[in-house]
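Presented below is the structure to which this report refers.
Numbers restart at 1 for each chain; the letters A, B, ... are given by sequence-line order, proteins then strands. Keep in mind the model is a prediction, meaning the values are calculated, not measured.
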There are 2 protein chains.
Amino acid sequence: MGAWGDGTVTDGAVTILARGEGLAAWRQIADGLSADIEAGRLAAGSQLPTEAALAARYGVNRHTVRRALAALAERGLVRATQGRGTFVETPRLAYPIGRRTRFSEIVSRAGREAWGDLIGTETVPADPATAEALGIAPGDPMLELQTVHRADGTPLSTARTCLPLPRFAGLDQAYAALGSLTGAYAEYGVADYTRLSTRIGARPASADEGARLDLAPGRVLIVITSVNVDAAGVPIQATRSLFAADRVELVVEG
Amino acid sequence: MGAWGDGTVTDGAVTILARGEGLAAWRQIADGLSADIEAGRLAAGSQLPTEAALAARYGVNRHTVRRALAALAERGLVRATQGRGTFVETPRLAYPIGRRTRFSEIVSRAGREAWGDLIGTETVPADPATAEALGIAPGDPMLELQTVHRADGTPLSTARTCLPLPRFAGLDQAYAALGSLTGAYAEYGVADYTRLSTRIGARPASADEGARLDLAPGRVLIVITSVNVDAAGVPIQATRSLFAADRVELVVEG
DNA sequence: ATCAATTTGTACGTATGTATC
DNA sequence: AGATACATACGTACAAATTGA
């Protein structure tokens, strides 16, 4: 299907590029499309015109369009799928990490509705690594909470949180009732807590991690291992959070 | 090949587990192996005994050993490959990110030899996003450096660093000569610089990113986008670093 | 290039102790 | 007390990947 001779027409006017002035055509196309995406003229999730259509619109070869799209894909703005087309990626939620990260605050500040699901509770003996983080003896009982955190329904992260017992015995019920860990802590006399250490890694999701986050297995997870302490500096939780890297971007607070 | 009747023997004494005392056998095995790994009795990169051998050593069924190994794999301590065996993962280099991250300092503090390769330089017009980060006009020229950073020969990260021109014209040569960006900046009168903003994401590596980092394509990268400013608060570089997630763990400085 | 041995991955089935309703 | 569900543990068999002869 060409632009001439077979009755089809291009879906817009030809966009004029500055040729032969030192600015590569693919850069101009990439800049134009990225501006369209950032301004919302190309909505998140929507399909871009086909490479052929873009080539026609800009009056360039399809290879030139492909070079531009590759640059956008590298920046994570679009994703191309063979046989389907090229789509605008939904912007990742900026998730600040620092001394006082509170999931609900972050999400609602982004204008989305926060929701934390408690999907499991267990009392388990502490393995040596977690025991050291919590400052308890290996084998001591601890409360393990499995949670999933959503913004506007889509899961962003799932976490395994370990709390020392007997101090926080029954906190799982308070959490289930309030839907917020910060609130549950308040009932146990912990008015404030801060992050002591944070480690960040990344790896592919296993099958059931993927299922929990509504993510295909093999998609990338960001793994955050952190320890929180109360106002007196006593460890109150060791957490391993798994974020869907497709949907979240971490921002280090300066 | 059993332990009796055919002349073969097990490769060590049977390790006694506390049975029927509330601590699952697989947890005891996992804790034991993880202690061996952390104490260095099982060296990084070395192969664990086969599942069958471990089952014999602990006097349990192979499934029980598999449950223990799965727990270790989830913590990233070991990696199993079908047909080859299960291997102790090399510990990831702890990479602090904060206001003053210096690659060479971090690596040499870890007792490894740091090396930065400048693999390409180019003068390019600024795309709108980078231009805004650097506080220059879109289309203004900037210096783009492509680098690979190694510790003891293994590549940890590759970066694209953009610097505003004309301020840093020729800095690429200083960098190539010194092998250190900090040193090169010093020659341009920048005695100190700090990080203004840091964003962290993760995604699979493309084919040529993989080639640069000596990593199979599809393996996970940690993507750090950051802007550095000089003592006066003027942006001096916008960087996108790609870290091999297999080899590095980020530590947020508290 | 083929084959066999080794090793992990997966899938059945069975039994038992321990919570929970 | 009884029924049910679940985690733990063992047994066996075969599939799939890797390695080396």
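Put simply, the side chain of Tyr188(A) gets close to the backbone of Ala169(A): a donor and an acceptor are under 3.5 Å apart. Side chain of Gln47(B) to backbone of Arg84(B): a donor-acceptor contact under 3.5 angstrom is found. The backbone N or O of Ala245(B) lies less than 3.5 Å from no partner atom in the side chain of Arg203(A), so there is not a single donor-acceptor pair.
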Take nucleotides 14-21 of chain C nucleotide by nucleotide from the 5' end and write B, S or -, depending on whether a protein heavy atom sits under 4.0 Å from the base, only from the sugar-phosphate, or from neither. --------
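Judged by distance alone with a 3.5 Å cut-off, no donor-acceptor contact links the side chain of His63(B) to the base of dT10(C).
Whole-Å rounding puts the Leu48(B) CG to dT6(C) P distance at 19 Å. In this entry the distance linking CZ of Arg27(B) with P of dT8(D) reads 7 Å, nearest Å. Going from atom CZ of Arg66(B) over to atom C1' of dT12(D) covers 14 Å, rounded to whole Å. Computed from coordinates, the Arg62(B) CZ to dT12(D) P distance equals 13 Å when rounded to whole Å. Protein atom CH2 of Trp26(B) is 14 Å distant from nucleotide atom P of dC10(D), rounded to whole Å. Atom CZ of Arg67(B) is separated from atom P of dA9(D) by 10 Å (rounded to the nearest Å). Rounded to whole angstrom, the span from the CZ atom of Phe87(B) across to the C1' atom of dA17(D) amounts to 13 Å.
Using a 4.5 Å heavy-atom threshold, the side chains of Ile97(A) and Arg195(A) count as touching. Looking at Gln237(A) and Val190(A), their side chains never come closer than 4.5 Å, going by heavy atoms from C-beta outward. Within the 4.5 Å cutoff, side-chain heavy atoms of Arg247(A) are placed close to those of Leu215(A). Looking only at side-chain heavy atoms (C-beta outward), Thr147(A) and Tyr175(A) come within less than 4.5 Å of each other. No side-chain heavy atom of Leu54(B) sits less than 4.5 Å from a side-chain heavy atom of Ile29(B).
Between Thr64(B) and Asn61(B), the side chains place no donor N or O within less than 3.5 Å of an acceptor N or O (distance only, hydrogens not considered).
Using a 4.0 Å cut-off on heavy atoms, the residues of residues 72-86 of chain B that approach DNA chain C are Ala80(B), Thr81(B), Gln82(B), Gly83(B), Arg84(B), Gly85(B), Thr86(B), listed by number.
Taking only side-chain atoms of Thr50(B), from C-beta outward, the nucleotide of dC10(D), dT7(C), dG9(C) with the closest atom is dT7(C). Closest to the side chain of Glu51(B), out of dA9(D), dT10(C), dT8(C), is dT8(C).
The side chain of Asn61(B) places an N or O atom within less than 4.0 Å of a non-bridging phosphate oxygen (OP1 or OP2) of dG11(D).
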